[in-house]
Amino acid sequence: MPDTHISQLSWRVSLREGTAIALIELNHAPRRGVPVTVTLGLGGKPIAATRATLRERAGRIRVSIPHARRWAWSPANPQLLDATISAGDDRVTSYVGMRDVSVGTRRLEINGQPTYLRQVLEQCYWPDSLYTPPDVQALDDELALIAGLGFNGLRIHQQTPDPRLLYRADRAGLLVFAEIGNAMEYTPLAARRLRREWSDTVLATRSHPSIVCWVPINESWGVPGIAHDAEQAAFATAMATLTRHLDPTRPALSNDGWQHVDSDLLTLHDYTARAVVLRRRYRHKGVQRLRTRDQVGPAARFIVLGDEQRTQLPMLLDECGGVRFAPGAARRGGGWGYSSVRTARGFRRRLAAIMTAIRSSDALGGFCWTQLTDTAQEVNGLCDEQRRPKLDPEQLRAIFGPR
């Protein structure tokens, strides 16, 4: 590479304003100004370009895009613009997804359009290699499987997202909630490590249009005393604030599942298997009751904590299901799930009943089903560890797909 070259590149886009900002960092402060050109195009044809001079190590270069909505990225049309950045003698290629994420009255909005989330919990578990996919083709197959079962998104659970998986989600138009692995207890060391590692994660992945929400803390892991310990509550608030500082273009959660102190969405984890209970709990009046401060939720924990958490936000049931079904005599007695069935017919009926109850709610902005595949002792996947669906894929798509 040239002596002076681009060491970091990320993007901040606004479809509403018709702009894409290249956030560029050089490997060192330049002795003299470095000429920079940023060009966006599609299919080899240029759409927009701008030139600037970078006089500091880091800078922001704004590209105005005419008729930006013509080039919008969306789940229905995941269009990606090619990008080329030249800085002196260095040249970097990249891509941009032009889209906006905002929080509406009842739903997350993509490009101003309310979007009902149909996500599945993605543990990224592979029986022979744990968290490393066996090959690149496996990642393509994974997202094709998710879309083929009727989902429009995934929640990458308790790990830093693989950038190769995010790249494929960008191309497939799938909507991603991005997380990181959490500690189980609160200590100053754990807090420092989470701040540092989460900052690195957001900075490394914030250019991906598929990511629509940041989740630094899950189920009060790492802040188990958040309900009564002001220090832990302040830390969760600080993590949400830090996330918005690093990326103000997406919603962020202070905690996922319950005990929200400063979240942009209200999320619940509810593994109730009785459809009649779910139908009653998530009617409009039931959801309004769950928004009440110090109201105990379905996991016997408060949903909203303190006076700073906004309550009139979209509510998502972003963990549900978890039905154990282990076909085959060898697995019938082992494994774990939140509820259990013994036959394929019982599995289909249980899934359909739960989802019919959830979809009957006029107050929920979406759901995330637990989970895509079995993971070792957890046999509550829609597929086994080898990605073989436990029901005919068309039956699963009829249950989870668009209506």
Heavy-atom neighbours of Tyr95 OH exceed 12 at 6.0 Å: yes
Has the side chain of Asp82 got a donor or acceptor atom that lies under 3.5 Å from a matching backbone atom of Leu42? no
Over all atoms of both residues, closest heavy-atom pair of Val103 and Pro314: CG1-CD, 3.3 Å
Listed partners of Arg51 passing side chain to side chain donor-acceptor pair (under 3.5 Å), at least two apart: none
Between Ala68 and Gly18, the two heavy atoms sitting closest are CB-CA, 3.6 Å
Side-chain ion pair, Lys390 and Asp384, N-O less than 4.0 Å: no
Take a 6.0 Å sphere around CD of Glu308 and say whether it holds more than 12 heavy atoms from other residues, nucleotides or ligands. no
Do the side-chain N and O atoms of Tyr186 and Glu231 include a donor-acceptor pair separated by under 3.5 angstrom? yes
Side chains of Tyr271 and Thr370: donor-acceptor distance under 3.5 Å anywhere? yes
Which value, rounded to the nearest 0.5 Å, describes the distance between Arg289 atom CZ and Arg281 atom CZ? 9.5 Å
In terms of heavy-atom contacts, Gly153 and Ile146 come closest through O-CG2, 4.0 Å
Decide yes or no on ring pair (Phe, Tyr, Trp, His ring centres under 6.0 Å) for Tyr131 and Trp126, but give the supporting numbers first. CA-CA 6 Å; Tyr131 294 118; Trp126 305 88; over 10 Å; no
Step-by-step side chain to side chain contact (heavy atoms under 4.5 Å, CB included) determination, Val176 to His208: CA-CA 10 Å; Val176 175; His208 290 279; over 6 Å; no
Test log, rule side chain to side chain contact (heavy atoms under 4.5 Å, CB included), inputs Ile156 and Cys124: CA-CA 7 Å; Ile156 301 175; Cys124 301; 4.1 Å; yes
Tell me whether Asp140 is salt-bridged to Arg168, with the criterion being a basic N under 4.0 Å from an acidic carboxylate O. yes
One should read off an interatomic distance between Asp170 CG and Leu165 CG, to the nearest 0.5 angstrom, of 10.0 Å
Using atom types as modelled and distance alone, determine if a side-chain donor or acceptor of Gln312 lies under 3.5 Å from a backbone N or O of Thr105. no
Go through the side-chain N and O atoms of Gln159 and Glu179 and say whether any donor and acceptor fall under 3.5 Å apart. no
Can you confirm whether His28 is buried at NE2, in the sense that more than 12 heavy atoms of other residues, nucleotides or ligands lie under 6.0 Å from that atom? yes
Is Asp89 atom CG crowded by more than 12 heavy atoms from other residues, nucleotides or ligands, each under 6.0 Å away? no
Heavy-atom donor-acceptor pair, Arg350 side chain to Ala273 backbone, under 3.5 Å: no
What I'd like to find out is whether the side chain of Leu351 reaches to under 4.5 Å of the side chain of Leu382, using heavy atoms alone. yes
Smallest separation among heavy atoms of Tyr116 and Asn152, with atom names: O-ND2, 3.0 Å
May I ask you to decide whether Asp362 forms a salt bridge with Arg283, counting only side-chain N to carboxylate O separations under 4.0 Å? no
Any chance you could measure Asn111, atom CG, to Ser74, atom OG, to the nearest 0.5 Å? 6.5 Å
Residues in salt bridge (charged side-chain N to carboxylate O under 4.0 Å, His left out) with Arg250, at least two apart? Asp247
SB check Arg348 Asp392 (cutoff 4.0 Å): no
Side-chain H-bond candidate by donor/acceptor type, Arg291 with Thr311, under 3.5 Å: no
Applying side chain to side chain contact (heavy atoms under 4.5 Å, CB included) to Leu290 and Leu268, what does each step give before you reach the verdict? CA-CA 10 Å; Leu290 290 172; Leu268 291 86; 3.6 Å; yes
Give a yes/no verdict on a cation-pi contact between Arg206 and Trp214, requiring under 6.0 Å between NZ or CZ and the six-membered ring centre and an angle within 45° of the axis. no
When you check the side-chain N and O atoms of Thr93 and Thr84, is any donor under 3.5 Å from an acceptor? no
Checking the side chain of Asp374 only, and the main-chain atoms of Gly381 only, is there a donor and an acceptor separated by less than 3.5 Å? yes
Output, in order, the C-alpha distance, side-chain angles, deciding distance and verdict of side-chain hydrogen bond (donor to acceptor under 3.5 Å, both in side chains) for Ser220 and Gln259. CA-CA 7 Å; Ser220 304; Gln259 296 175 328; 2.4 Å; yes
Donor-acceptor pair, distance only, cut-off 3.5 Å: does the side chain of Ser14 make one with the backbone of Glu17? yes
Check whether Arg293 reaches the backbone of Gln309 with its side chain - one donor and one acceptor, N or O, closer than 3.5 Å. yes
What pair of heavy atoms forms the shortest contact from Asn218 to Asn255, and how long is it? C-OD1, 3.8 Å
Which pair of non-hydrogen atoms, one from Thr343 and one from Phe325, has the smallest distance, and what is that distance? C-CE1, 3.5 Å
State plainly whether the residues Asp262 and Arg244 are in salt-bridge range, i.e. N to O under 4.0 Å. yes
One should read off an interatomic distance between Arg280 CZ and Ser361 OG, to the nearest 0.5 angstrom, of 14.0 Å
Nearest 0.5 Å please: distance from the CD atom of Gln295 over to the CZ atom of Arg301. 15.5 Å
Is it the case that over 12 heavy atoms from other parts of the model lie below 6.0 angstrom from the CZ atom of Arg403? yes
Within the 4.5 Å heavy-atom criterion, are Leu313 and Leu265 side-chain neighbours or not? no
Run the salt-bridge test on Arg155 and Glu122 with the 4.0 Å N-O cut-off and return the result as yes or no. no
Between Asp270 and Thr272, do the side chains contain a donor N or O and an acceptor N or O under 3.5 Å apart? yes
Distance, nearest 0.5 Å, that separates CZ of Arg388 from SG of Cys383: 10.5 Å
Got more than 12 heavy atoms from elsewhere within 6.0 Å of CZ, Arg57? yes
